[in-house]
Visitor: 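Sending over a structure as structure tokens; questions will come in a sec.
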Amino acid sequence: MQNYRRLPLSAIAAALVVSTGLIASPWDISKDTPVNIKDPIVKRQAELGGDRTPANPVPGSYGMQADGSFVHPKATPESHDAFPFEGQLDYWDPNSYIKNMKVEAYYPITVEPFHTWQNIVDFNGRRYLYQYVRRDLKIFDITDPKSVELLLTRGHTWGANGPDGEEQNPYAENDMMGAASIQWSKKLGKYVMVQAFEIRRFGLLRDKYRQPDKVEAIRNANHLKGFKVYEMNGPLPKDWKLIAERTTDILHADAPVGQQQGSGVRDIPAYFGDDIMYVSAAPDKRWGLTEYPNDLYSAGYQAWDMSDPTNPRFLDMLGLPGQIVGDPEHEAVFKADPRAGNRTSWMGSRMPLFIPKPASQGGKYGYGAMGGLGFVVVDISDPSNMQVVSNLKFPANIAGTEGDFVDVSQVEETGLVYFSGYPLNEDCYEPYKDIHIIDVSDPANPKVKGVMPRPKPPADASFTDFCQRRGSFGPKRTGAYHQPGSHKAGILPFNFYNAGLQVFDVSNPDKPQIAAYFVPPFKEDQVASYAMGNLSHSVYVEYDRNLFWLFTNHGFYALSSPLLGEPSFAPPKQAWPPRP
């Protein structure tokens, strides 16, 4: 087996240069590189917090215990290095583990091993799956889940040697496939796709405190910071027509590409068809009070009127105190935060508001995850005047993302939402990221009822804690914003990185339990050495056909479970997204 210490960062950078088309590596620095801050926003943020980067924890202060459990470090710096510990496996576990699930199909096709987005849409009785990240896109016909057909490749295909050398069907320079939401537009009588266009970070910037040239490159990036709207006349890009383009720089709405200041739309838009769209965005560079070293922005939430998809109209911008450079109140709140100066914490939103019911259907509340700024309940009854109803703070939990996701699938029946961050360091070299159970039945006074159980390996595994299995371990999300069909009451399927798909039964909210799981194998013969640790990164659920799709660094799996119900392998009975 390969030695545990992964390839040096220079090797990772070489692959990223190929996959992103970058010229210079952002990884040619270390924490020993002198601080060199020239950007005025980053400089002010650094002045407010100072430098209180967490020290590496003392050996023996964390690790395996006599009872087979693992104690996490109390705090660590953000790191891309390996941190093996005594008791950890010295090989990548080739075994898989399964309970109350069945592997229906496996496809060894990798769009990218680190992270991808997914969407599903139906045309003429056929079901299509989009898997993509920026310039890499694959479109599959999944009408028969047991006989999936690859229809189109754009960009690279990844394998054991990293990305292949030449892009297929390349996008134009500075274009890509942004994280998308697809809905039916009654006004147009067609599907509409909204794609998020965000600043590029990963593969470009590692440390904003030491790389002023990379910061400057992001500030002047020659690509849209906002979103694009497409009319979909068929499943393939040749069938799509660009009908609108907007920057989220709301104070500089006429700024041309290259002069837009903000973050653009982060991750997937929350779009409901002929309704209001919510996005995560920082509208200009002043929204910069965040410690995370490769991010320049602390994003809030925007609402947009999409009743006419050809003419999106900005409605409102919402944030929290502690996000804006140059505002005395914001700076005071930021400086008082225990995270200030740690040069590790993600501050602000990564995802849009999570909304169980749009305002047009009688919904009143949205729920947000604001990283180190905590959990928020937002009144969306008037999307042109969003109001923060409550803001629940949590103790600092660094490294890693402290608040990224809110599952709202159970809130209408139970009054409960599930709030979580996710790990960023590998080898469990950071505090564990709990999934918090929050009672929002009183929106003005949300209360933490507890946390979800931590996944445990089966008795026949060669390890007693998933931290020993190497790579990343912790929760990510329960799927995309829109997934075919309706959610399953009492079921939460979380992707858990090296622990694969963990399906929680929350039918008794006071006693949640893990009722099913599929933990995929590591496959060294199919994955580049530097990408091995990111085993599974996403789950997408077809609730209308009772199928899980689990996306890993070596391909993707179709899975079924009695918890969902009997799977269907026939074409879907009703089109998705639904057509009113």
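Hydrogens, waters and symmetry mates are skipped; everything else that's a heavy atom, side chains included, is used. Quick caveat: nothing in here was measured; it's all calculated off a predicted structure.
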Visitor: Just wondering, do N495 and L501 contact through their side chains at under 4.5 Å, heavy atoms?
Guide: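 A side-chain contact is absent here, since even the closest heavy-atom pair is not under 4.5 Å.
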Visitor: Answer with yes or no after comparing the ring centroid distance for F354 and Y367 against a 6.0 Å cut-off, counting only values under it.
Guide: no
Visitor: Mind checking the CD1-CG spacing from I199 to L205? Nearest 0.5 Å is all I need.
Guide: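 If we round to the nearest 0.5 Å, I199:CD1 and L205:CG are 8.0 Å apart.
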Visitor: Using a 3.5 Å distance criterion without hydrogens, assess whether the side chain of N385 forms a donor-acceptor pair with backbone atoms of D382.
Guide: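 Checking the backbone N and O of D382 against the side chain of N385, no donor-acceptor pair under 3.5 Å is found.
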Visitor: Looking at L289, is its backbone amide N or carbonyl O close enough to the side chain of W287 to form a donor-acceptor pair, meaning the two atoms are under 3.5 Å apart?
Guide: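 Such a contact is absent between W287 side chain and L289 backbone.
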Visitor: Given N425, which of S79, P73, P77, S472 fulfils the side-chain contact (heavy atoms from CB on, under 4.5 Å) condition?
Guide: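 That would be S79.
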Visitor: Under 3.5 Å, side chain of Q410 to main-chain N/O of G415, donor-acceptor pair present?
Guide: no
Visitor: Between N56 and V58 (side chain of the first, backbone of the second, donor and acceptor by atom type, cut-off under 3.5 Å), is there such a pair?
Guide: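 No: the side chain of N56 does not pair with the backbone of V58.
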Visitor: Look at the side chain of H436 and the backbone N and O of K449, then say whether any donor-acceptor pair between them is shorter than 3.5 Å.
Guide: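 Side chain of H436 to backbone of K449: no pair is present.
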Visitor: Ignoring hydrogens and angles, tell me if any N or O in the side chain of Q65 forms a donor-acceptor pair with the backbone of G68 under 3.5 Å.
Guide: no
Visitor: Which heavy atom in Q302 sits nearest to a heavy atom in T248, and how many Å separate them?
Guide: NE2-O, 3.0 Å
Visitor: Test the R477-F494 pair against the cation-pi criterion, namely NZ or CZ under 6.0 angstrom from the six-membered ring centroid and within 45° of the ring axis.
Guide: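 Not flagged: R477 not positioned over aromatic ring of F494.
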Visitor: Is any NZ, NE, NH1 or NH2 atom of the basic residue among E198 and R350 found under 4.0 Å from an Asp or Glu carboxylate oxygen of the other?
Guide: yes
Visitor: So is R470 actually on top of F522's ring, under 6.0 Å and inside 45° of the axis?
Guide: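 Judged by the rule (NZ or CZ under 6.0 Å from the ring centre, within 45° of its axis), R470 is not positioned above F522.
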Visitor: Determine whether a donor-acceptor pair (N or O, by modelled atom type, separation under 3.5 Å) exists between the side chain of S263 and the backbone of A282.
Guide: yes
Visitor: Check the pair Q323 / L373 against side chain to side chain contact (heavy atoms under 4.5 Å, CB included), numbers first and verdict last.
Guide: CA-CA 9 Å; Q323 295 191 272; L373 298 178; 3.6 Å; yes
Visitor: Does a side chain donor of either S280 or S349 reach within less than 3.5 Å of an acceptor in the other side chain?
Guide: yes
Visitor: Would you call R44-E331 a salt bridge at under 4.0 Å N-O?
Guide: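 Yes.
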Visitor: Out of D93, D427, N498, which one pairs with R469 under the side chain to side chain donor-acceptor pair (under 3.5 Å) rule?
Guide: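 The side chain to side chain donor-acceptor pair (under 3.5 Å) with R469 is passed solely by D93 among D93, D427, N498.
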Visitor: Does NZ or CZ of K433 fall inside the cone over Y422's six-membered ring, less than 6.0 Å from its centre and within 45° of the axis?
Guide: no
Visitor: Would you check if there is a donor-acceptor pair between the side chains of T290 and D295 at a distance under 3.5 Å?
Guide: no
Visitor: Could you tell me if the ring centre of Y429 sits under 6.0 Å from that of F85?
Guide: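 Here the rings of F85 and Y429 have centres that are no less than 6.0 Å from each other.
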Visitor: Run D404 and T401 through side-chain hydrogen bond (donor to acceptor under 3.5 Å, both in side chains) and show every step you take.
Guide: CA-CA 7 Å; D404 165 81; T401 302; over 6 Å; no
Visitor: Should the ring pair F227 and W304 be called parallel, tilted or perpendicular, given that the plane angle runs from 0 to 90° and is split at 30 and 60?
Guide: perpendicular
Visitor: Please check this pair: side chain of N534 against backbone of P113, looking for a donor-acceptor N/O pair closer than 3.5 Å.
Guide: yes
Visitor: Verify salt bridge (charged side-chain N to carboxylate O under 4.0 Å, His left out) between D442 and K447, making sure each step is shown before the conclusion.
Guide: CA-CA 9 Å; D442 178 0; K447 295 180 179 179; over 6 Å; no
Visitor: Counting only heavy atoms from other residues, nucleotides and ligands, does the tally under 6.0 Å from NZ of K393 exceed 12?
Guide: yes
Visitor: To the nearest 0.5 Å, what is the distance between NZ on K488 and OG on S409?
Guide: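 Separation between the atoms: 12.5 Å.
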Visitor: Starting at OG1 of T33, measure out to CZ of R206 and round the result to the nearest 0.5 Å.
Guide: 8.0 Å
Visitor: Does the ring centre of Y432 sit less than 6.0 Å away from the ring centre of H72?
Guide: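 Here the rings of Y432 and H72 have centres that are less than 6.0 Å from each other.
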Visitor: Assess, by modelled atom type and distance only, whether the side chains of E426 and Y497 contain a donor and an acceptor separated by less than 3.5 Å.
Guide: no
Visitor: Tell me, please, whether Y297 has R219 positioned over its six-membered ring: NZ or CZ under 6.0 Å from the ring centre and within 45 degrees of its axis?
Guide: yes
Visitor: Is there a side-chain contact between M351 and I268, using heavy atoms and a 4.5 Å cut-off?
Guide: yes
Visitor: Taking 4.0 angstrom as the limit, do K38 and E216 come out as a salt bridge?
Guide: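 Answer for the salt bridge query: no.
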Visitor: In terms of the angle between their ring planes, are F70 and Y62 parallel, tilted or perpendicular, with boundaries placed at 30° and 60°?
Guide: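 F70 vs Y62 ring planes: perpendicular.
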Visitor: Between F394 and F419, is the ring centre distance below 6.0 Å?
Guide: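 For F394 and F419, the ring centres are under 6.0 Å apart.
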Visitor: Look up atom CE in M452 and atom CD1 in I437, then write down how far apart they are to the nearest 0.5 Å.
Guide: 5.5 Å
Visitor: Please tell me whether Y278 and Y301 form a close aromatic pair, meaning their ring centres lie under 6.0 Å apart.
Guide: no
Visitor: Is any side-chain N of the basic residue among D465 and R454 closer than 4.0 Å to the acidic one's carboxylate O?
Guide: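 Looking at D465 and R454, the cut-off is met.
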Visitor: Looking only at heavy atoms, which two atoms of R286 and I41 are closest? And how far apart?
Guide: CA-CD1, 4.2 Å
Visitor: Is it true that a side-chain atom of Q513 and a backbone atom of D505 form a donor plus acceptor pair closer than 3.5 Å?
Guide: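 No; zero donor-acceptor contacts below 3.5 Å.
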Visitor: Is there a side-chain contact between V325 and D327, using heavy atoms and a 4.5 Å cut-off?
Guide: no
Visitor: Checking the side chain of D249 only, and the main-chain atoms of G262 only, is there a donor and an acceptor separated by less than 3.5 Å?
Guide: yes
Visitor: Going by atom types alone, do Y209 and Q45 pair a side-chain donor with an acceptor below 3.5 Å?
Guide: yes
